[in-house]
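The block underneath contains the structure these notes are about, expressed in structure tokens.
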Protein chains: 2
Amino acid sequence: MKTMSTMLKANDLAVTAQRTAVMEFLHGNTDHPSVDTIYKRVKKRFPYISRATVYNTVKTLTRAGMLQEVLVQQDKTRVDSNVSRHHHFKCVRCGRIEDVPYDILTAKHVSEHARGYHVEEVRVVMEGRCKRCR
Amino acid sequence: MKTMSTMLKANDLAVTAQRTAVMEFLHGNTDHPSVDTIYKRVKKRFPYISRATVYNTVKTLTRAGMLQEVLVQQDKTRVDSNVSRHHHFKCVRCGRIEDVPYDILTAKHVSEHARGYHVEEVRVVMEGRCKRCR
DNA sequence: ATATGGATTAGAATAGTTCTAAACTTAGAA
DNA sequence: TTCTAAGTTTAGAACTATTCTAATCCATAT
């Protein structure tokens, strides 16, 4: 697996301690944290980090394709380090957000059923009870 | 077609000029306006209406099932007076949001493909170019 | 080692939304 | 009709998420 440093360099981005810390926190984190959550967690190990830096980092890394911003909640952006195409499942009880494989429902499938639309991308949010909440 | 007054009464809600004005503006409006847009438009005919009233009205009518709040844009809520189940198409060029029939993709269909998930609801946002923008 | 352009910072500013408490209807009872 | 209680509206304050600003800092290329 590529190191953070390698990935940043590959995108012509400076390797900074802040970016690395944000990426390391997100890597392997599957619960789609908000920017504020990232900020608070990273701050523990990196007390001087600023909220603006976390916003900047998320935006920069998203543009570089290293992160994804997920639209599943109206008020705050949720961040996903899984950048492969996939959908989301939101538990109506505990609010947990899980990734769901893309092939459950591809743009192609939708295109076939959606006559007259020129679908390039499909975002699906499924809602129900997660395993824990049933 | 039911009058606004009848619908409000059926839901045990007081019939006020403000609620009626908001509903009348939204009725037949298919472009999913934001609260601010509703406020500005209704204000033209009703100069003393307050922004808080529009927020209250949207929330109240949504709870009563007379409106729907649509999650298609991170920063602001979009309001839809089409309360039947349906999906949305967002034009990546002009930002226009259109309703798409629900049967293109039902919760049932998704459930069949999504093993292990207990799907109660599916929200789909398709993205591409709308007719005008192609 | 040094220069320079990009990155980080704290805090101010902004946008959307919710809250507050007083004033004002609406709807139902008398 | 008139009265009343409960619900509604209002302006503006407050709050939350996010972006902006401008000064400082530091990663990288030389």
Side-chain angles (χ1 to χ4, degrees), chain A residues 3-25 32-64 66-67 69-79 95, chain B residues 3-25 32-43 45-64 66-79 95:
Chain A
T3 65
M4 303 309 153
S5 164
T6 311
M7 294 174 76
L8 287 167
K9 279 178 189 154
N11 286 289
D12 274 313
L13 295 171
V15 177
T16 69
Q18 291 89 332
R19 284 175 179 167
T20 306
V22 168
M23 282 301 282
E24 274 171 359
F25 167 62
H32 308 78
S34 65
V35 170
D36 197 59
T37 302
I38 300 171
Y39 169 67
K40 283 179 184 144
R41 291 291 256 92
V42 172
K43 199 179 168 70
K44 285 184 184 171
R45 299 181 156 260
F46 213 111
Y48 295 116
I49 197 167
S50 143
R51 220 178 283 269
T53 298
V54 181
Y55 276 101
N56 290 341
T57 300
V58 167
K59 182 161 287 174
T60 304
L61 301 188
T62 296
R63 285 213 190 94
M66 298 169 69
L67 293 179
E69 291 180 13
V70 183
L71 176 52
V72 279
Q73 191 179 345
Q74 185 67 68
D75 56 340
K76 42 186 127 185
T77 297
R78 301 293 215 106
V79 183
Chain B
T3 63
M4 302 311 155
S5 165
T6 311
M7 294 175 75
L8 288 167
K9 279 177 191 156
N11 285 288
D12 275 312
L13 295 170
V15 178
T16 68
Q18 291 88 335
R19 285 176 180 166
T20 305
V22 168
M23 281 301 283
E24 272 169 1
F25 167 62
H32 308 77
S34 65
V35 169
D36 198 59
T37 303
I38 300 171
Y39 168 67
K40 282 179 184 141
R41 291 293 256 90
V42 171
K43 199 178 170 68
R45 299 182 154 258
F46 212 114
Y48 296 117
I49 197 167
S50 143
R51 221 179 280 270
T53 297
V54 181
Y55 276 102
N56 290 340
T57 300
V58 168
K59 181 159 289 177
T60 303
L61 301 188
T62 296
R63 285 213 188 96
M66 297 169 69
L67 293 178
Q68 218 179 308
E69 291 182 12
V70 183
L71 176 52
V72 279
Q73 192 178 345
Q74 185 68 67
D75 57 339
K76 43 185 131 189
T77 297
R78 301 294 213 104
V79 183

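What's counted below: heavy atoms across the whole structure, side chains too, no hydrogens, waters or symmetry copies. Note that this is a predicted model, so its numbers are computed, not measured. Proteins come first, then strands; the chains are lettered A, B, ... in the order of their sequence lines, and each starts at number 1.
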Which listed nucleotide ([options]) is nearest to the side chain of [X]?
X	options	result
A/Ala14	D/dA27, C/dT26, C/dT8	D/dA27
A/Leu13	C/dA7, D/dT10, C/dT17	C/dA7
B/Lys76	C/dT8, D/dT9, C/dG16	C/dG16
A/Thr16	D/dT9, D/dA11, C/dA7	C/dA7
A/Arg51	C/dA7, D/dT10, D/dT18	D/dT18

Which part of the nucleic acid, if any, lies within reach of [X] when heavy atoms closer than 4.0 Å are counted: base, sugar-phosphate only, or nothing?
X	value
A/Ala52	base
B/Lys59	sugar-phosphate
B/Thr77	sugar-phosphate
A/Thr53	base

May I ask you to evaluate whether A/Gln74 reaches the phosphate of D/dA17, defined as a side-chain N or O under 4.0 Å from OP1 or OP2?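 Result: no.
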
May I ask you to evaluate whether B/Tyr55 reaches the phosphate of C/dT18, defined as a side-chain N or O under 4.0 Å from OP1 or OP2?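 It does not, given that no N or O in the side chain of B/Tyr55 lies less than 4.0 Å from OP1 or OP2 of C/dT18.
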
Between A/Gln73 and B/Gln74 (side chain of the first, backbone of the second, donor and acceptor by atom type, cut-off under 3.5 Å), is there such a pair?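 Not a single qualifying donor-acceptor pair exists.
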
Using modelled atom types and a 3.5 Å cut-off, is there a donor and acceptor pairing between side-chain atoms of B/Arg78 and backbone atoms of B/Val70?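 Here the side-chain-to-backbone pair does not exist.
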
What's the shortest heavy-atom distance between B/Ala14 and B/Leu8, and which atoms?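 Reported closest heavy-atom pair: O-CD1, 4.3 Å.
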
Can you name the closest pair of heavy atoms from B/Thr16 and B/Arg19 and give their distance?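 That would be OG1-N, 3.1 Å.
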
Return the value, rounded to whole Å, for the distance between atom [atom1] of [X] and atom [atom2] of [N].
X	N	atom1	atom2	value
A/Asp12	C/dG5	CG	C1'	13 Å
B/Leu71	C/dG16	CG	C1'	15 Å
A/Gln73	C/dG16	CD	C1'	15 Å
A/Phe46	C/dA7	CZ	P	15 Å
B/Tyr39	C/dA15	OH	P	15 Å
B/Gln18	D/dT10	CD	C1'	9 Å
A/Asp75	C/dA15	CG	P	19 Å
A/Tyr48	C/dA10	OH	C1'	13 Å

Without hydrogens or angle criteria, can the side chains of A/Thr60 and A/Thr57 be said to hold a donor-acceptor pair below 3.5 Å?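 Short answer, no.
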
Contact nearer the 5' end of DNA chain C, comparing B/Lys9 with A/Ile49: A/Ile49

